[in-house]
Amino acid sequence: MVVRTRIAPSPTGDPHVGTAYVALFNYALARRHGGQFVLRIEDTDRQRSHPASEKMIFDALRWLRVSWDEGPDVGGPYGPYRQSERSEIYRQHAEELARKGAAYPCFCAAERLAALREEQRQKKLTLGYDRQCRGLDPAEAARRRQAGEPHVIRLAMPLDESMAVRDLLRGEVRFERPQMDDQVLLKSDGFPTYHLANVVDDHLMKISHVVRAEEWLPSLPKHVQLYRSFGWEEPVFCHLPLLRNPDRSKISKRKNPVSLEYYRRAGFLPEALLNYLALMGYAMPDERQEFSLPEFVGHFALERISLGGPVFDLEKLRWLNGVYLRKLAPRELLERLRGHLLSDEYLLRVLPLCQERIETLEDFFDYAGFFFSGEVAYGQAALSAMVPQGRTPAETAKMLSSLLEEKIDRLVEWTDAVIESELRAFGESAGWSVKELFMAVRIATTGRSATPPLFETLAVLGKETCRRRIRKAADLLKLHHKDAKDTKITKTVTS
RNA sequence: GGCGGUAUCGUCUAGGGGCUAGGACACCAGAUUCUCAAUCUGGGAACCCGGGUUCGAUUCCCGGUACCGCUACCA
């Protein structure tokens with residue numbers, strides 16, 4: 001059997017470390033068995049999908065060198081590899097199921113479903129669709145569809161007491177009926193949900209092993225039911241443990257850097273990051289900690305994956321990255337730096353912002369230092385200057401935090417124009433003058449009050465660097481707040 | 001609430017019916033060093049609990065507990 005695996009990210013935000021993690025294991029399995037590794041873009045959520053995000057995913061995976069054999073950018077025999085270009089395929093398959101009676105149209109309005117859920121919640125019942133439309137007379141359903149009444153297509157799950165499915169690592173997993181909801185397959189906008197698109201594509205693209213994150217395990221019965229309804233052979237399913245925050249919750253940006261952009265900008269070497277990721281849930285037979293991607297592939301066996309959700313330990317990643325860095329010859333290290341913050345590309349973005357503000361070449365290094373460091377140091381004076389007159393450090397900290405959560409985290413495009421309009425809008429809605437807000441952001445992101453124009457600066461620094469500095473500044477202000485007992489800062493100190 | 005998953009040092013893990021339960025990060029101490037790293041040596045540190053099965057369970061089975069995930073016309 002030809003081993004074919006895939007990674008199927010949704011382009012809805014920054015490229016995620018979890019995507020890299022799952023990609024790595026899929027890549028390793030395919031390469032180990034001389035098969036193919038496919039990249040498929042799952043952009044069926046029209047609201048949240050973003051082309052810029054798709055590009056960042058490509059870039060990030062290429063940076064990591066987990067190369068794919070088929071994908072939207074390289075093509076392949078089973079394309080297109082972007083789900084938004086396959087709508088007709090899903091629609092036809094949904095119809096096929098409806099014809100077979102394995103799926104049915106549902107005309108229930110969103111409000112009815114919401115009310116139903118609320119009622120179930122209150123009565124502490126199992127949440128799920130009550131299958132009202134499943135009993136509809138087919139002729140009537142057909143008539144209503146004909147009349148153009150909005151509807152979705154739902155999967156008719158078997159009404160048995162339980163259903164057994166198979167996971168490679170867990171063996172047989174038995175699900176009790178209450179969990180087996182009649183999942184929506186085709187949304188009222190004609191787009192498929194994950195469940196339909198995923199199964200149809202995995203089959204059509206001849207995926208032999210579905211290796212994905214554990215969060216999908218609860219929906220496995222739906223997927224298996226889909227394969228059975230179509231009369232298709234099921235692939236091997238293998239659910240990988242979820243990467244965790246230090247508090248053991250599913251890894252999230254609030255508690256851990258998750259964007260691959262962060263790791264790239266911070267200067268983690270791709271091979272070190274991959275090596276570290278491989279250590280999450282996997283151990284080489286001889287337990288060595290350091291190994292290359294080809295070595296990993298050479299020894300890889302799905303069965304060796306351990307199931308406890310591993311805590312992502314930045315500390316150990318840093319150590320491992322240091323090991324890799326120290327092994328480089330100075331020439332190679334130079335090359336790495338030239339591909340990073342000392343690339344012509346980056347310098348040519350920084351230099352124009354600094355040129356008119358320096359008088360000697362050496363001035364540049366002092367003036368532009370914050371463009372090249374990870375975090376910046378905030379002196380007492382800088383901390384004070386971040387807090388506008390008449391406002392408290394606590395207020396400022398809160399303002400910066402909500403800026404992060406309400407605006408910055410949600411931005412996919414990171415250009416000076418976008419940043420400017422978003423910052424202005426945020427200041428306005430929060431009741432802060434542009435002057436107040438921009439100075440706070442300026443100091444938070446650069447550590448100083450005299451800098452090149454703010455938006456260009458933020459654009460060059462990149463979202464991840466900005467977010468991490470703003471986070472730190474906000475945290476420091478909170479401490480400041482404790483010490484200063486919430487006193488208003490009256491004097492303005494600049495440095 | 002319901003459904004499902006998981007459980008070995010603080011963290012990542014090896015192991016497996018009888019072992020002084022091994023390694024890595026972190027931590028501590030010493031060596032080395034102009035300093036700091038790096039390096040070397042040493043140290044402390046774990047089988048969730050209760051029942052079975054067994055001559056013997058950390059390992060196998062059952063129950064509990066804890067943690068995690070899912071419970072959308074998001075993926």
Side-chain angles (χ1 to χ4, degrees), chain A residues 8-13 16 18-19 41-49 83 106-110 112-114 116-117 120-129 150-154 162-163 165 167 169-171 173-198 212-222 239-251 275-290 304-323 325-327:
Chain A
S10 283
T12 54
H16 200 275
T19 303
I41 293 293
E42 308 223 326
D43 54 348
T44 56
D45 185 335
R46 294 195 290 175
Q47 260 74 49
R48 299 199 308 150
S49 294
Q83 290 186 331
C106 167
F107 302 89
C108 292
R112 176 175 184 271
L113 298 175
L116 177 67
R117 251 196 305 279
Q120 290 169 334
R121 215 188 306 276
Q122 263 167 31
K123 291 186 183 166
K124 292 199 184 299
L125 296 170
T126 298
L127 271 47
Y129 180 54
H151 64 279
V152 300
I153 302 288
R154 283 183 187 273
S162 70
M163 181 172 178
V165 295
D167 174 274
L169 294 168
R170 283 157 260 254
V173 180
R174 182 166 288 278
F175 287 81
E176 297 303 317
R177 204 173 90 72
Q179 186 57 19
M180 298 171 6
D181 205 8
D182 279 1
Q183 183 65 47
V184 170
L185 298 178
L186 208 62
K187 306 181 224 177
S188 54
D189 66 0
F191 271 57
T193 57
Y194 169 87
H195 308 282
L196 207 223
N198 195 267
R212 65 207 333 177
E214 191 179 5
E215 56 190 327
W216 293 110
L217 189 55
S219 43
L220 185 52
K222 293 165 187 167
H239 293 84
L240 261 24
L242 246 20
L243 259 22
R244 310 285 185 92
N245 293 314
D247 67 2
R248 296 204 166 275
S249 52
K250 176 163 103 170
I251 197 166
N275 187 162
Y276 178 71
L277 251 15
L279 253 15
M280 302 274 84
Y282 197 83
M284 287 293 236
D286 62 0
E287 279 198 273
R288 85 188 100 137
Q289 306 290 305
E290 303 152 41
R304 284 187 62 84
I305 293 170
S306 63
L307 292 176
V311 172
F312 193 95
D313 181 7
L314 212 46
E315 205 59 53
K316 185 160 180 180
L317 205 211
R318 292 183 70 90
W319 163 78
L320 191 58
N321 200 59
V323 170
L325 230 35
R326 275 177 240 118
K327 277 197 301 211

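Protein chains get the first letters and strands the later ones, always in sequence-line order, with residue 1 at the start of each. As the structure is a prediction and not an experimental result, all values here were calculated from the model.
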Peer 1: Would you say Thr44(A) reaches A75(B)'s phosphate, i.e. side-chain N/O to OP1/OP2 under 4.0 Å?
Peer 2: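 Answer yes for this pair, as a side-chain N or O of Thr44(A) is under 4.0 Å from OP1 or OP2.
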Peer 1: Quick one: is C70(B) close enough that its OP1 or OP2 comes under 4.0 Å of any side-chain N or O from Lys250(A)?
Peer 2: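 So the side chain of Lys250(A) is within the cut-off, an N or O lying under 4.0 Å from OP1 or OP2 of C70(B).
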Peer 1: Taking the minimum atom-to-atom distance to the side chain of Ser10(A), which one of G1(B), G15(B), A75(B) wins?
Peer 2: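 It is A75(B).
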Peer 1: What nucleotide, of C68(B), C74(B), A24(B), holds the atom closest to the side chain of Arg244(A)?
Peer 2: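 Of all the options, the side chain of Arg244(A) is nearest to C68(B).
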Peer 1: Verify side-chain hydrogen bond (donor to acceptor under 3.5 Å, both in side chains) between Arg170(A) and His239(A), making sure each step is shown before the conclusion.
Peer 2: CA-CA 9 Å; Arg170(A) 283 157 260 254; His239(A) 293 84; 5.0 Å; no
Peer 1: Distance between the C1' atoms of G15(B) and C36(B), in whole angstroms?
Peer 2: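 G15(B) and C36(B) have their C1' atoms separated by 39 Å.
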Peer 1: What's the gap between C74(B) and C61(B) when it is taken at their C1' atoms, as a whole Å value?
Peer 2: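 Rounded to whole Å, the distance is 40 Å.
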Peer 1: Can you tell me the Watson-Crick or wobble partner of C67(B), both distances under 3.5 angstrom?
Peer 2: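 Its partner is G5(B).
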Peer 1: Less than 6.0 Å separating the ring centroids of Tyr276(A) and Trp319(A)?
Peer 2: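 No.
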Peer 1: Is there a donor and acceptor pair closer than 3.5 Å between the side chain of Arg248(A) and the base of C68(B)?
Peer 2: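 Side chain to base: no pair below 3.5 Å.
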Peer 1: Regarding Arg117(A), tell me which of base, sugar-phosphate or nothing describes its non-hydrogen contacts under 4.0 Å with the strands shown.
Peer 2: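 Contact class for Arg117(A): sugar-phosphate only.
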Peer 1: Round to a whole Å and report the spacing from NE2 of His151(A) to P of C73(B).
Peer 2: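 Answer to the nearest Å: 15 Å.
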Peer 1: To the nearest Å, how far apart are Arg212(A) CZ and G4(B) C1'?
Peer 2: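 Value for this atom pair: 14 Å.
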Peer 1: Take atom CG of Asp286(A) and atom P of C12(B), then tell me their distance rounded to the nearest Å.
Peer 2: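 Rounded to whole Å, this separation is 21 Å.
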Peer 1: Does this structure show an ion pair linking Arg288(A) with Asp286(A), if we count only N-O contacts that are shorter than 4.0 Å?
Peer 2: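 Judged by the 4.0 Å cut-off on N to carboxylate O distance, Arg288(A) and Asp286(A) do form a salt bridge.
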Peer 1: Measure the distance from CE on Met180(A) to P on G2(B) and round it to the nearest whole Å.
Peer 2: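 These atoms are roughly 18 Å apart.
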Peer 1: Using atom C1' of each nucleotide, how far apart are U65(B) and C49(B) to the nearest Å?
Peer 2: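 U65(B) and C49(B) have their C1' atoms separated by 7 Å.
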Peer 1: Choosing from G4(B), A75(B), G1(B), which nucleotide comes nearest the side chain of Phe175(A)?
Peer 2: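 That would be G4(B).
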Peer 1: Suppose we call a contact any N or O donor and acceptor under 3.5 Å apart; does that hold for the side chain of Lys316(A) and the base of A24(B)?
Peer 2: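 Answer yes: a donor N or O sits under 3.5 Å from an acceptor.
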Peer 1: Could you walk me through whether Asp45(A) and Ser49(A) satisfy the side-chain hydrogen bond (donor to acceptor under 3.5 Å, both in side chains) test, starting with their C-alpha distance in whole Å, then the side-chain angles of each, then the deciding distance to 0.1 Å, before giving a yes or no?
Peer 2: CA-CA 6 Å; Asp45(A) 185 335; Ser49(A) 294; 5.7 Å; no
Peer 1: Among G4(B), A24(B), A14(B), which nucleotide has an atom closest to any side-chain atom of Ser306(A)?
Peer 2: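 Nucleotide nearest to Ser306(A)'s side chain: A14(B).
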Peer 1: Mark yes or no for a side-chain to base donor-acceptor pair under 3.5 Å between Thr193(A) and C73(B), with no hydrogen or angle criteria applied.
Peer 2: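 No, the side chain and the base share no sub-3.5 Å donor-acceptor pair.
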Peer 1: For Asp313(A) and C9(B), what is the distance between atoms CG and P respectively, to the nearest whole Å?
Peer 2: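 Going from Asp313(A) (CG) to C9(B) (P), I get 15 Å.
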Peer 1: Scan Val311(A) against the nucleic acid and name what it touches under 4.0 Å (heavy atoms): base, sugar-phosphate only, or nothing.
Peer 2: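 Sugar-phosphate: the residue Val311(A), judged by heavy atoms under 4.0 Å, touches backbone atoms but no base.
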Peer 1: Let me know the distance between CD of Glu42(A) and P of C74(B), rounded to the nearest Å.
Peer 2: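 My rounded result for the distance is 13 Å.
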Peer 1: Rounded to whole angstroms, how far apart are OH on Tyr276(A) and C1' on C25(B)?
Peer 2: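 Taking atom C1' of C25(B) as the reference, OH of Tyr276(A) is at 9 Å.
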Peer 1: Across all strands, who's sitting opposite U54(B) as a Watson-Crick or G-U wobble pair, both distances under 3.5 Å?
Peer 2: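 The base-pairing partner of U54(B), which may sit in any strand shown, does not exist here.
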Peer 1: Which word best sums up how the rings of His151(A) and Phe107(A) line up, parallel for under 30°, tilted for 30 to 60°, or perpendicular for over 60°?
Peer 2: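 Plane angle between 30° and 60°, so tilted.
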Peer 1: Closest to the Leu307(A) side chain: C73(B), U6(B), C74(B)?
Peer 2: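 From the listed options, U6(B) comes nearest.
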Peer 1: I need the CG-P distance between Leu217(A) and U6(B), as an integer number of Å.
Peer 2: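 So the two atoms are 8 Å apart, to the nearest Å.
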Peer 1: Can you tell me if Lys222(A) touches the phosphate of A72(B), counting only side-chain N or O atoms and a distance under 4.0 Å to OP1 or OP2?
Peer 2: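 It does not, given that no N or O in the side chain of Lys222(A) lies less than 4.0 Å from OP1 or OP2 of A72(B).
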Peer 1: In whole Å, what separates the P atom of U35(B) from that of A24(B)?
Peer 2: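 Taking atom P in both U35(B) and A24(B), they lie 27 Å apart.
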